[in-house]
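Remember, it's 1-based here, ligands and their atoms both numbered in the order they're listed.
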Amino acid sequence: MKIKIALLGNPNCGKTTMFNAVTGSTQYVGNWPGVTVEKKEGPIRGHKDALLVDLPGIYSLSPYTLEERITRNYLTTDKPDAVINIVDSTNIERGLYLTTELLEMDVPIIIALNMTDAAEKAGINIDAGKLSKSLGCRVVKTSASEGTGIEDLVKNTIDIASLKERPGSYPRFSRSTEDTLEMISLAASKFSGDLPKRWFSVNLFSRDPILRQLLPLEEGDMNEIEDLIKSCEESNDDDSESMIANERYTYIDGILKGTVMKRGAEGLSVSDRIDMVLTNRLLGLPIFFMIMWGIYYISIQTLGDMTIGWTETLFGTISEKVSALLSSANVAEWLHALIINGVIGGVGSVLGFVPQLMILFLLISFLEDCGYMARVAFIMDRIFRQFGLSGKSFIPMLVGTGCSVPGIMASRTIENESDRRLTIILTPFVPCGAKLPVFALFAAAFFPEQSWVAPSMYMIGIGMVILSGIILKKTDLFGGEPAPFVMELPSYRMP
Ligand code: GDP
Ligand code: MG
């Protein structure tokens with residue numbers, strides 16, 4: 001018998017790091033059926049019969065984004081034997097929102113309070129025992145990147161999966177909401193089937209469109225439920241969906257009192273201080289340019305230039321040795337020239353750039369991992385907005401700095417049709433990973449002394465995106481207001 005374990009949590013809470021820590025290196029990467037969202041599976045190290053699945057990062061189980069729908073479907077149809085809910089300890093209020101929803105699904109669940117190391121540094125102290133009591137499920141402190149608490153987590157997860165240990169309770173809301181939920185649950189009880197009861201009534205109350213489609217509700221049943229919701233909305237002067245959201249946060253606040261201790265005043269964190277400079281209205285863009293310039297300077301001019309010398313010597317030696325070998329074998333003149341000048345000379349001059357590119361990619365992934373690339377999106381949003389482009393367009397374009405193909409695929413998160421099309425058209429202009437070597441090659445081959453050439457080509461690429469955007473925005477097809485844009489700036493981390 002195989003057991004299925006799902007890994008679930010907000011984006012950037014450390015799911016993938018945890019996945020790698022728990023499974024070791026044996027894993028299978030594919031796609032969720034029919035969509036281009038990555039699916040990762042692998043057996044847990046030391047427990048060959050337990051399969052771990054890395055679900056997409058989500059903030060809530062509402063059915064609005066593709067990621068949320070994939071996760072919900074997985075929970076309701078595939079029915080994992082246990083769910084590991086990863087919560088970022090430095091951002092516990094937000095992480096627990098998803099937890100309150102998961103507790104209603106009535107699956108065995110364990111909470112991994114991840115980033116314990118970062119929380120300790122920030123002076124946040126969480127009483128895991130108390131939290132476990134209030135939530136009614138097991139809680140383990142972990143640090144996926146430092147590898148602490150992993151064994152404890154695996155042991156407890158296997159435990160709850162084999163014992164089928166479901167949460168002891170679910171989040172309780174205020175009296176009036178609870179009364180309405182009770183009545184809805186009675187009115188719709190004959191349709192709930194084997195769906196989790198609490199999840200079912202809460203989602204009927206918040207008018208979950210997918211759940212409603214799923215149910216064989218008659219017109220009459222629906223009216224009865226709708227009346228119940230309406231009267232509750234009127235007495236609270238709020239719509240049912242935001243009422244539930246508020247209830248969840250109230251519940252979380254209640255739990256966290258006495259569970260989480262924060263040392264020191266509410267002062268600015270180190271991350272905030274760094275951001276005051278790096279995302280500064282005036283300084284942000286010049287700093288971005290300086291950083292890009294610095295990266296090219298290191299990877300092409302200084303460190304990169306040294307590697308050119310090494311590869312030249314290397315290929316020189318190879319070419320000498322082979323030449324001597326060929327001469328001693330009395331090879332025809334033309335074949336000698338073909339091998340020495342053509343093959344070794346030609347391939348050598350291309351391969352000569354490989355060390356430079358390795359340094360370049362290393363430095364760019366360094367920027368991505370420490371959190372600076374998210375700031376770049378934020379800085380660019382301010383500029384993009386002035387040209388009528390949505391800040392949401394910048395995420396696909398940012399992905400496009402790696403490769404246009406996933407960049408274009410990432411544009412599916414843009415709800416507005418014309419914004420999405422515009423983004424798809426513009427993303428290929430972004431200087432992508434495959435263009436960087438071309439810039440580097442041109443700059444190194446033709447302008448070895450001028451360090452500004454490569455970064456200028458980079459900036460001209462970005463300039464083209466903006467220019468084409470302005471032109472296209474003037475056409476009827478793409479006119480109109482850009483959608484508002486909200487994004488998360490994760491705290492800076494050691495890459
Ligand atoms: P995902 O989006 O949930 O898959 O998150 P990732 O696994 O990609 O992690 C996001 C970032 O958090 C990466 O830079 C990780 O190195 C970092 N990270 C993950 N776990 C920990 C942890 O326990 N402590 C610290 N300090 N950083 C972590
Ligand atoms: Mg991930």
Purely on distance, is any nitrogen or oxygen of Ser145 under 3.5 Å from one on ligand 1? yes
Any N/O of Ala144 closer than 3.5 Å to an N/O of ligand 1? yes
Should the proximity of Lys15 to ligand 1, defined as any heavy atom under 4.0 Å, be assigned to the side chain, the backbone, both, or neither? both
Applying a heavy-atom cut-off of 4.0 Å, say which part of Asp117 lies close to ligand 1: side chain, backbone, both or neither. side chain
Please determine if [X] forms a cation-pi arrangement with [Y], meaning its NZ or CZ atom is less than 6.0 Å from the six-membered ring centre and no more than 45° off the ring axis.
| X | Y | value |
| --- | --- | --- |
| Arg375 | Tyr492 | yes |
| Arg207 | Phe205 | no |
| Arg198 | Phe173 | yes |

Can the ring centroids of Tyr249 and Tyr97 be said to lie less than 6.0 angstrom from one another? yes
What do you reckon, does Cys13 put a non-hydrogen atom under 4.0 Å from ligand 1? yes
Can you name the atoms of ligand 1, numbered from 1 with element, that are less than 4.0 Å from a heavy atom of [X]?
| X | value |
| --- | --- |
| Thr17 | 6 (P), 7 (O), 9 (O), 15 (C), 19 (C) |
| Gly14 | 1 (P), 3 (O), 5 (O), 6 (P), 7 (O), 9 (O), 19 (C) |
| Asn114 | 20 (N), 21 (C), 23 (O) |
| Ser143 | 22 (C), 23 (O), 24 (N) |

Will you find, in the side chains of Thr259 and Asp127, an N or O donor that is under 3.5 Å from an N or O acceptor? no
Say whether Ser242 and Asp239, considering side chains only, have a donor N or O and an acceptor N or O under 3.5 Å apart. yes
Mind checking what makes salt bridge (charged side-chain N to carboxylate O under 4.0 Å, His left out) contact with Arg138, not counting sequence neighbours? Asp159, Glu165
